[in-house]
A.B. asks: 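Got a structure for you, questions after.
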Amino acid sequence: MTSDIRKYLRLRESMVKNQIEARGITDPKVLAAMRKVPRHLFVSEALMDQAYTDGPLSIGEYQTISQPYIVAHMTQSLELGKDDRVLEIGTGSGYQAAILSQIVFRVYTIETIRSLHMQSRRLFDELNYSNIVTRYGDGTLGWKDESPFDAIIVTAGAPEIPEPLVDQLAIGGRMVLPVGGRLSQEMVKLTKDQNGVVHQSKHGGCRFVKLVGDYGWEK
Ligand code: SAH
């Protein structure tokens, strides 16, 4: 057991060095979180030894946990501070939410597949990630009662930017999400300035599973 912990610690360290730092991620908070969160616990036992490799992995229900570099890149581009409240759409395995929870005050995460929602909730409790609040439902509608959010991250590909999420972004807030077709998308970043005006920039191609819901793809 102890040797397993050491093995995964070693794999995690080399993931951060060779995949994350080597590709230009510099935010110390992001790097520390990636060094700390045990990614192998977010995949099935059969995939644990692959958890720190340079790619996405299956988490069942035809869904995937994103490649470590993508998680780091999206997290860094949210420009997070320790008092921030962050909304995530697409809990999946819970890995991205766990990374966020190490950096910010509170994470709100919504998942539309019940089994994934329940499994991630259990894991957050086991690992004592007490600042993650979970919800089962359609995340394209956001989480109005808890809005506005300092940052919003969508970890599934949207056909267009869900309007409710833009509405629920705080003044000064940042949002990142993949937008485009069913098979490939472009990473889009939105910022809401002090006057409430929204600015958009594009950050390269990517491939995510579909965002399904009222402001996403049809089921
Ligand atoms: N952040 C996740 C990645 C999960 S993949 C991780 O770290 O593992 C994307 C997830 O988005 C899938 O679990 C999928 O079921 C979920 N999803 C798709 N549409 C959704 C919606 N409208 N609301 C909430 N979750 C959604």
Side-chain angles (χ1 to χ4, degrees), residues 15 20 30 33-34 36-44 47-48 50-53 55-78 86-104 107-124 127 129 132-144 146 149 151-166 168 175-180 182-185 187 206-219:
M15 170 191 84
I20 314 290
V30 176
M34 302 286 299
K36 193 154 172 214
V37 175
R39 180 169 162 98
H40 61 283
L41 299 182
F42 293 80
V43 298
S44 67
L47 293 178
M48 279 190 183
Q50 294 175 54
Y52 298 98
T53 54
L57 289 171
S58 168
I59 54 170
E61 306 280 354
Y62 303 101
Q63 307 302 321
T64 55
I65 178 175
S66 301
Q67 179 189 9
Y69 170 70
I70 295 286
V71 173
H73 186 263
M74 289 177 84
T75 307
Q76 174 168 276
S77 66
L78 288 173
V86 182
L87 174 66
E88 180 196 24
I89 313 305
T91 316
S93 69
Y95 179 69
Q96 173 74 70
I99 293 291
L100 293 167
S101 79
Q102 303 299 300
I103 302 174
V104 302
V107 181
Y108 299 82
T109 181
I110 309 177
E111 171 56 51
T112 189
I113 296 178
R114 186 154 205 124
S115 60
L116 293 176
H117 158 73
M118 307 233 294
Q119 211 173 312
S120 58
R121 178 69 264 168
R122 203 175 320 127
L123 191 54
F124 296 148
L127 296 175
Y129 292 147
I132 304 179
V133 191
T134 59
R135 179 172 181 174
Y136 165 61
D138 176 6
T140 67
L141 302 170
W143 195 325
K144 195 148 199 317
E146 296 292 350
F149 298 96
I152 300 180
I153 176 170
V154 183
T155 61
E160 49 202 68
I161 298 165
E163 211 43 57
L165 299 184
V166 181
Q168 292 175 30
M175 168 153 113
V176 287
L177 76 169
V179 183
R182 286 167 193 272
L183 295 179
S184 70
Q185 305 87 29
M187 195 57 74
C206 52
R207 280 181 99 113
F208 278 78
V209 297
K210 275 189 301 182
L211 180 74
V212 292
D214 284 4
Y215 292 82
W217 296 96
E218 266 177 51
K219 275 233 164 86

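Just so you know, ligand 1 is whichever comes first in the structure, and atom 1 is the first atom listed for that ligand. Every heavy atom of this structure was used, including side-chain atoms; hydrogens, water molecules and symmetry mates were not.
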A.B. asks: Who's closest to atom 14 (C) of ligand 1 heavy-atom-wise, of Q63, E88, R39?
C.D. replies: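 Nearest heavy atom to atom 14 (C) of ligand 1 lies in Q63.
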A.B. asks: So is S120 in contact with ligand 1, going by heavy-atom distances below 4.0 Å?
C.D. replies: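 No.
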A.B. asks: Side chain of W143, backbone of F149: donor and acceptor closer than 3.5 Å?
C.D. replies: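 No.
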A.B. asks: Going by the atom numbers of ligand 1, which of them fall below 4.0 Å from some non-hydrogen atom of I65?
C.D. replies: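 Answer, ordered by atom number: 8 (O).
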A.B. asks: Side-chain polar contacts of residues 92-103 - donor-acceptor pairs under 3.5 angstrom, sequence neighbours left out - could you list them?
C.D. replies:
residue	atom	partner	partner atom	Å
S93	OG	Y95	N	3.1
Q96	NE2	T75	OG1	2.9
S101	OG	A98	O	2.7
Q102	OE1	K36	NZ	3.4

A.B. asks: If you count heavy atoms of other groups shown closer than 6.0 angstrom to OH of Y129, is the number above 12?
C.D. replies: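 Yes, enclosed.
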A.B. asks: Can you check whether D138's main-chain N or O pairs, donor with acceptor, with D214's side chain at less than 3.5 Å?
C.D. replies: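 The answer is no, because no donor-acceptor pair under 3.5 Å joins these two groups.
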A.B. asks: Taking only heavy atoms of Q96 into account, list the atoms of ligand 1 that are under 4.0 Å away from them.
C.D. replies: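 The list of qualifying atoms is 1 (N), 7 (O).
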A.B. asks: Show the atoms of ligand 1 that are less than 4.0 angstrom away from any heavy atom in T140.
C.D. replies: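 So the answer, numbered in order with elements, is 22 (N).
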A.B. asks: Parallel under 30°, tilted from 30 to 60°, perpendicular over 60°: which one fits the rings of H117 and Y136?
C.D. replies: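 The arrangement is tilted - the two ring planes meet at 30° to 60°.
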A.B. asks: Can you sort out which atoms of ligand 1 are near S93, meaning under 4.0 Å from one of its heavy atoms?
C.D. replies: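 Close to S93: 6 (C), 7 (O), 8 (O).
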A.B. asks: Out of D214, V212, T112, who is nearest to atom 22 (N) of ligand 1 when you count heavy atoms only?
C.D. replies: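 Going through D214, V212, T112 one by one, V212 has the nearest heavy atom to atom 22 (N) of ligand 1.
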A.B. asks: Can you list the ligand 1 atoms lying under 4.0 Å from a non-hydrogen atom of T64?
C.D. replies: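 What qualifies from ligand 1 is 3 (C), 4 (C), 5 (S).
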A.B. asks: Quick test: of every protein heavy atom, which one is nearest to atom 23 (N) of ligand 1, and how far off is it to 0.1 Å?
C.D. replies: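 Residue, atom and distance for the closest contact: G139 N, 2.8 Å.
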